[in-house]
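What follows is a single structure, written as structure tokens, with notes after it.
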Amino acid sequence: MSYLLRTLTTKREVDSIIRDTIDKVLILRFGRCSDSVCLLLDDILAKCAREVSKFASIALVDIDSEELQVYIKYFDITLIPSTVFFFNAHHMKMDSGTADHTKWIGAFHEKQDFIDVVEAIFRGAMKGKLIVNCPLPPERIPKYQLLYKDV
């Protein structure tokens, strides 16, 4: 399903889409086209793209690109797929009850879950917030264990 969404492979493309997306939530999915969980998330993103197009834009970021390693290190992309949200070039964070508020790790269970999260981020961003509460119940949020290296 990744062929239905714009795929970014250079730092210049990522920089320009972050900078040029105004008054919309920008959703960047970091991952690989060959990963099964990424394909599941891509399917959900592609199905939702039209429904959220008035208030959100979606793009895929290939983590195997050498040019994009600066973003992978900056956002600490260690688990894929990882979804990062922006609004007017500001990194939007979401408190989902997990240890990491900077990104969504894993796939959404269903299409409506993704739409609810994007709407919550958009509404919070329009009110000037940089962090919003996750609208999903805890059982619909993917669980994972963070391991810290060299701490």
Side-chain angles (χ1 to χ4, degrees), residues 1-126 128-136 140-142 144 146:
M1 286 310 224
S2 60
Y3 57 87
L4 296 175
L5 299 167
R6 182 176 176 190
T7 303
L8 310 173
T9 55
T10 66
K11 184 178 182 309
R12 171 176 256 149
E13 289 175 328
V14 175
D15 288 341
S16 70
I17 198 168
I18 290 171
R19 185 182 57 246
D20 298 340
T21 304
I22 304 298
D23 291 336
K24 281 187 171 187
V25 175
L26 173 63
I27 300 124
L28 295 180
R29 191 276 287 148
F30 287 82
R32 291 186 182 94
C33 296
S34 59
D35 184 70
S36 61
V37 181
C38 288
L39 289 174
L40 178 68
L41 180 58
D42 291 352
D43 183 49
I44 291 171
L45 296 177
K47 287 178 181 176
C48 294
R50 185 175 173 143
E51 293 178 37
V52 299
S53 63
K54 291 190 187 250
F55 58 91
S57 298
I58 303 169
L60 311 178
V61 180
D62 181 20
I63 64 164
D64 293 326
S65 174
E66 281 299 317
E67 273 190 69
L68 296 174
Q69 294 306 309
V70 66
Y71 281 113
I72 285 127
K73 286 184 177 117
Y74 182 76
F75 291 118
D76 191 28
I77 307 294
T78 52
L79 300 172
I80 61 170
S82 291
T83 309
V84 181
F85 303 95
F86 292 91
F87 186 81
N88 290 345
H90 291 287
H91 181 203
M92 295 297 297
K93 297 167 186 68
M94 182 175 50
D95 182 3
S96 57
T98 60
D100 192 357
H101 298 342
T102 61
K103 58 191 168 285
W104 179 274
I105 297 175
F108 292 90
H109 288 275
E110 56 187 49
K111 189 173 139 179
Q112 192 59 47
D113 290 347
F114 172 72
I115 293 170
D116 291 346
V117 165
V118 175
E119 280 181 357
I121 290 172
F122 179 73
R123 289 176 190 197
M126 292 302 286
K129 296 181 179 179
L130 292 177
I131 186 166
V132 297
N133 289 321
C134 182
L136 304 179
R140 301 198 63 91
I141 298 170
Y144 57 90
L146 286 180

message: Minimum heavy-atom separation for His101 and Ile131, please, with both atom names.
response: CD2-CD1, 3.9 Å
- request: First locate atom CD1 of Ile121, then atom CZ of Phe85, and finally report the distance between them rounded to the nearest 0.5 Å.
  value: 4.0 Å
message: Using side-chain heavy atoms (C-beta onward) and a distance below 4.5 Å, is Thr83 in contact with Leu45?
response: no
message: side chain to side chain contact (heavy atoms under 4.5 Å, CB included), that's the test. Do Val132 and Arg123 meet it? Break it down for me.
response: CA-CA 9 Å; Val132 297; Arg123 289 176 190 197; over 6 Å; no
Donor-acceptor contact present, side-chain Glu119 to main-chain Phe114, <3.5 Å: no
field: side chain to side chain contact (heavy atoms under 4.5 Å, CB included) assessment of Ile58 paired with Arg29
entry: CA-CA 8 Å; Ile58 303 169; Arg29 191 276 287 148; 5.9 Å; no
- prompt: Charged N to carboxylate O under 4.0 angstrom, Glu13 versus Arg6?
  reply: no
- request: Apply the test side chain to side chain contact (heavy atoms under 4.5 Å, CB included) to residues Leu130 and Met92: give CA-CA distance (whole Å), side-chain angles for both, the deciding distance (0.1 Å), then the verdict.
  value: CA-CA 5 Å; Leu130 292 177; Met92 295 297 297; 4.3 Å; yes
message: Holding to side-chain hydrogen bond (donor to acceptor under 3.5 Å, both in side chains), I want the full list of residues that pass it with Asp35, two or more places apart in sequence or in another chain.
response: none
Whether Lys103 side chain and Phe75 backbone form a donor-acceptor pair below 3.5 Å: yes
- prompt: Quick one: ring pair (Phe, Tyr, Trp, His ring centres under 6.0 Å) pairs with a partner in residues 36-61, sequence neighbours left out?
  reply: Phe55-Phe122
- prompt: With sequence neighbours excluded, what pairs up with Gln112 under the side-chain hydrogen bond (donor to acceptor under 3.5 Å, both in side chains) test?
  reply: Asp116
